[in-house]
Number of protein chains: 2
Amino acid sequence: MLVEEREISQAVIRRLPRYYRYLGELLENGVERISSNDLSKRMKVTASQIRQDLNNFGGFGQQGYGYNVKYLYTEIGKILGLEEDHNIVIIGAGNLGQALANYAAFEKRGFILKGIFDVNPRLNGVSIRGVPIRMMDELKDFVQNNNVEIAVLTIPKEKAIEVANMLVENGVRAIWNFAHTDLNLPDHIIVENVHLSESLMRLSYNISRYNDEHSGKK
Amino acid sequence: MLVEEREISQAVIRRLPRYYRYLGELLENGVERISSNDLSKRMKVTASQIRQDLNNFGGFGQQGYGYNVKYLYTEIGKILGLEEDHNIVIIGAGNLGQALANYAAFEKRGFILKGIFDVNPRLNGVSIRGVPIRMMDELKDFVQNNNVEIAVLTIPKEKAIEVANMLVENGVRAIWNFAHTDLNLPDHIIVENVHLSESLMRLSYNISRYNDEHSGKK
């Protein structure tokens, strides 16, 4: 049985998707049980960290027997909300929007792609995995009528804030934001940002720092 | 003048790309100076945090005069290594690879796209922004002969580890990894992971938690 969710710290929560990914890989490879030591070697996290983290989910890691992979995977999936369905739309059917629309894991994780929207009339009616691309002027009605909970934004930053506000006014509760800007939405709206440019800058910084350290510039 | 880089904490470094993005937007809007209070309101970070962070870059925030936007932008860009050029290749010319190849900010930030590689023969010779897509069997020679420093991996996880190892053996020093796996490369190789599935799970978790809290399940 699960302990109550509120007892799990934010730090643990941030690590859960990685545990979930590793446990999923173990399942795919037919592994039924794994010790915290073996998981530790794979994940490059200390075994004591793993034991502490997974102890949050009750007593299913028995001393000497390791963890039941399938059970742990399922329980973490429940915590992450992956057993619930969420209707999503993708706004922006450029390369990135199409890449996300083709992302097969969406449905496995309970994300039901209901619509794709773009401003480009040449894309009107083109289907991706059976979902037709619609024009932006249909978006508002569509969101109101299809119980859309999550919107994925892959549009230029100039348009992103305006579109995000419209979505929220019409009932969207969460934004997966790939636009290169912060959206400044009301506090009760959940925003998960993927700022690729910032990720690239961290890479750039680490290369520069490495170069400096190894050229004596340090 | 810059203080020495080693005095800047990792926590500050992680925040720098966001400062850089906001300062860039201010520059685009013709703003020449900004006070820490105004920047604080825009960025939703406390003014004292901003003053502390930016004090790391020496004394160019004068009390009562605010920050010189252009100077601060330039200095942070230098710290982030954005004034140096890096040759990159993209491995995987699917939607995500093409989205990244079309990412115009690459070159502005010193990332020079030298090649794009895929296994799909139908893509052979197709050009993206003037860069032809090549086949994977040319990759090894290409990397050796073109001083490639960074590889962007947008290929399935089954292939990612093998390709990453080959790249590193042939001189690549950093990987921007979009494959849904950890690469476990030698410590001196810089890896910046973008695990989109984990980002989506965090979004899912936050929606579930919000639903629980507001349905009394908590």
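Note that the structure is predicted; figures quoted are calculated from it, not measured.
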| query | Which of these, A:R18, A:R14, A:R15, sits in a side chain to side chain contact (heavy atoms under 4.5 Å, CB included) with B:E198? | reply | A:R18

| message | Salt bridge or not between B:R21 and A:D182? Use side-chain N to carboxylate O under 4.0 Å. | response | yes

| remark: dist B:Y205:OH -> A:L80:CG (nearest 0.5 Å) comes out at 8.5 Å

| query | Heavy-atom distance under 4.5 Å to chain A: side chain of B:Y19, backbone, both or neither? | reply | neither

| field | Most contacts with chain B, counted as non-hydrogen pairs under 4.5 angstrom, among A:K44, A:H180, A:M43 | value | A:H180

| Does A:R109 reach the side chain of B:S197, with side-chain heavy atoms less than 4.5 Å apart? | yes

| Side chain to side chain, B:I207 and A:E149, heavy atoms closer than 4.5 Å | yes

| message | Less than 4.5 Å apart, side chain to side chain, heavy atoms only: is that true for B:P17 and A:R202? | response | yes

| Between A:R173, A:E25, A:R42, A:Q98, which shows the greatest number of heavy-atom pairs under 4.5 Å with chain B? | A:R173

| Residue pair B:M201, A:L16: steps toward the side-chain contact (heavy atoms from CB on, under 4.5 Å) verdict | CA-CA 9 Å; B:M201 286 187 226; A:L16 284 189; over 6 Å; no

| query | What are the two closest heavy atoms between B:E28 and A:K157, and how far apart are they? | reply | OE1-NZ, 3.5 Å

| Side chains of B:W176 and A:L196: closer than 4.5 Å at any heavy-atom pair? | yes

| Taking every non-hydrogen atom, the tightest pair across B:A99 and A:L96 | CB-N, 3.6 Å

| query | Highest number of heavy-atom pairs under 4.5 Å with chain A: which of B:T181, B:I175, B:I150? | reply | B:T181

| Residue A:H188 versus chain B: region with a heavy atom under 4.5 Å | both

| field | Interatomic distance, B:S208 atom OG to A:I79 atom CD1 [nearest 0.5 angstrom] | value | 9.5 Å

| query | Which residue out of B:N184, B:L200, B:I190 racks up the most heavy-atom pairs below 4.5 Å with chain A? | reply | B:L200

